[in-house]
Each structure stands twice: as C-alpha cells, then as structure tokens.
Amino acid sequence: DAGITQSPRYKITETGRQVTLMCHQTWSHSYMFWYRQDLGHGLRLIYYSAAADITDKGEVPDGYVVSRSKTENFPLTLESATRSQTSVYFCASSESGTGDEQYFGPGTRLTVT
Amino acid sequence: AQSVTQPDIHITVSEGASLELRCNYSYGATPYLFWYVQSPGQGLQLLLKYFSGDTLVQGIKGFEAEFKRSQSSFNLRKPSVHWSDAAEYFCAVGEGWGKLQFGAGTQVVVTP
C-alpha cells in the first residue's frame, strides 16, 4: 500500500514486556517521527530521524528505543512497558526538514495492563 | 523554548455557523505555523501552513488562518461549518530538523 502504515493498529501488553510498534512509508521520505497522543497533551514527540542511521530524542524519549536501518522503516520499541506508556502512537514522515508537511499514519492504540 | 497554546479545549458550533479556533505561539523568530485536523480514529491531516508572505492563508476544506505577529496568534476560521467538520484541531509550530510542537488541541462538536 502506498503511503504510511503502522502495525499493529491495536495492542494490549503487560507491564514489563517488550513491544515494538512498526512504521513503514513508501515515499522514501528522509524524515520520520514518532509521537504519542494523550488527552490534554496533544501530540508529543518521542524520537525523530533525519535519515537512515540518524536518530535523535524528542520531548519524551524515556523508556523508548528507535532504529532506522532502512529509509522506509522506523520501528519504535518499548523496552519494558509501563502503564504510563498506555497511549495512541503516531508515526509521521516528511520529505525534507523544517517547514515541510508531515504525513501521519493511522496510529497504534497501545494498552499496558 | 517555544510553545503553542490553544485556549479552547472544546467548542460547540451549529451547522452553518462560523467557526474560529484560537492559537497562540511563543517563538523567537518568524515561525512556521500549521493547522492539522484529526477525525475520530484517524491520523492527522494538514489543513494549511504559513511560512511567510501574505498573512491570510487558505487551506483545504474551506478553512483559512490569519497570522498576526503583534498578537503571536494564528487563528483558524471557517465561514460556514458542515457536520463533517466535527473533529479535533491542532495548531503546531515548526522547529529545527522538521520537528513540530503541537498545541493540546481543540475538540469541535457540530450540532444540527
């Protein structure tokens, strides 16, 4: 499918488990982003990547790990899930840097029990 | 550090009435400003953006926004709301490396 996809769309996991959220884009966009959306906070940036093998922390990176070995993929891993990481996670991509439109995936709703 | 404030958490508007959503930002230079819309259960879609030039920006779905430097505002407007405009709206300011700083969002409810 063309565009940006996320998997799984819904996930329930237990506290302490490792979980990986997948993000795939077909445009060969250089920039990719991970956000979490929580009521009253809007979207907060977790990690971003300017190119393959270039990643950096955003506003709320603690407890998360990312990698980007290929331009089209940008997985987000929760190393040891906590209840506070229950959220909706959005992946986004943009062709270039500052000022460019970001294209968002449909989101992954993660529940940590 | 820059910030984005959307003072209205929730707005109810009648179908056919006008809509204005407020956005205030804190940023040292002329910012890149965006409005995104999120329909229920969906990702975000860009409505419009402002970088420079004409301070009145036209977007998709009949929306427009006006940049006012003196008020540090970038308010979104639509002259006549349709039921399909019920959604959550986010204002955002662009940072370096393509990052976006989002406001907390305004939920718009449209009544018949």
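Residues B:Val13 and B:Leu47 fall within the same hydrophobic cluster, defined by Ile, Leu, Val, Met, Phe, Trp and Tyr side chains chained together at heavy-atom separations under 4.5 Å. Criterion: ILVMFWY side-chain heavy atoms under 4.5 Å apart, direct or through other members. Under it, A:Val88 and B:Phe90 are part of a common hydrophobic cluster. Hydrophobic clustering (side-chain heavy atoms under 4.5 Å, transitive across Ile, Leu, Val, Met, Phe, Trp, Tyr) groups A:Trp34 together with A:Leu78.
B:Gln38 touches chain A through its side chain: at least one heavy atom from C-beta onward sits under 4.5 Å away, while N, CA, C and O do not. Contact annotation for B:Gln45: neither backbone nor side-chain heavy atoms come within less than 4.5 Å of a heavy atom of chain A. Neither the backbone nor the side chain of A:Gln6 comes within contact range of chain B; no heavy atoms are under 4.5 Å apart. Looking at A:Arg109, there are no atoms closer than 4.5 Å to chain B (heavy atoms on both sides), in backbone or side chain. Of the two parts of A:Leu43, the backbone and the side chain both hold a non-hydrogen atom closer than 4.5 Å to a non-hydrogen atom of chain B. At a 4.5 Å heavy-atom cutoff, the contact between B:Leu100 and chain A is made by backbone and side-chain atoms alike. Using a 4.5 Å cut-off between heavy atoms, A:Tyr103 does not touch chain B at all. For B:Lys49, the part lying near chain A is the side chain, with the backbone staying farther off; criterion is any non-hydrogen pair under 4.5 Å. Heavy-atom distances place no part of B:Tyr50 under 4.5 Å from chain A, backbone and side chain included.
Side-chain atoms of B:Tyr89 and B:Trp35, non-hydrogen and from C-beta on, do get closer than 4.5 Å to each other. Put simply, the side chain of B:Phe74 reaches to within 4.5 Å of the side chain of B:Leu48, judged on heavy atoms.
Counted by atom type alone, A:Ser49 and A:Arg68 present one or more donor-acceptor pairs between their side chains at under 3.5 Å. The closest side-chain donor-acceptor pair between A:Asp38 and A:Ser87 falls under 3.5 angstrom.
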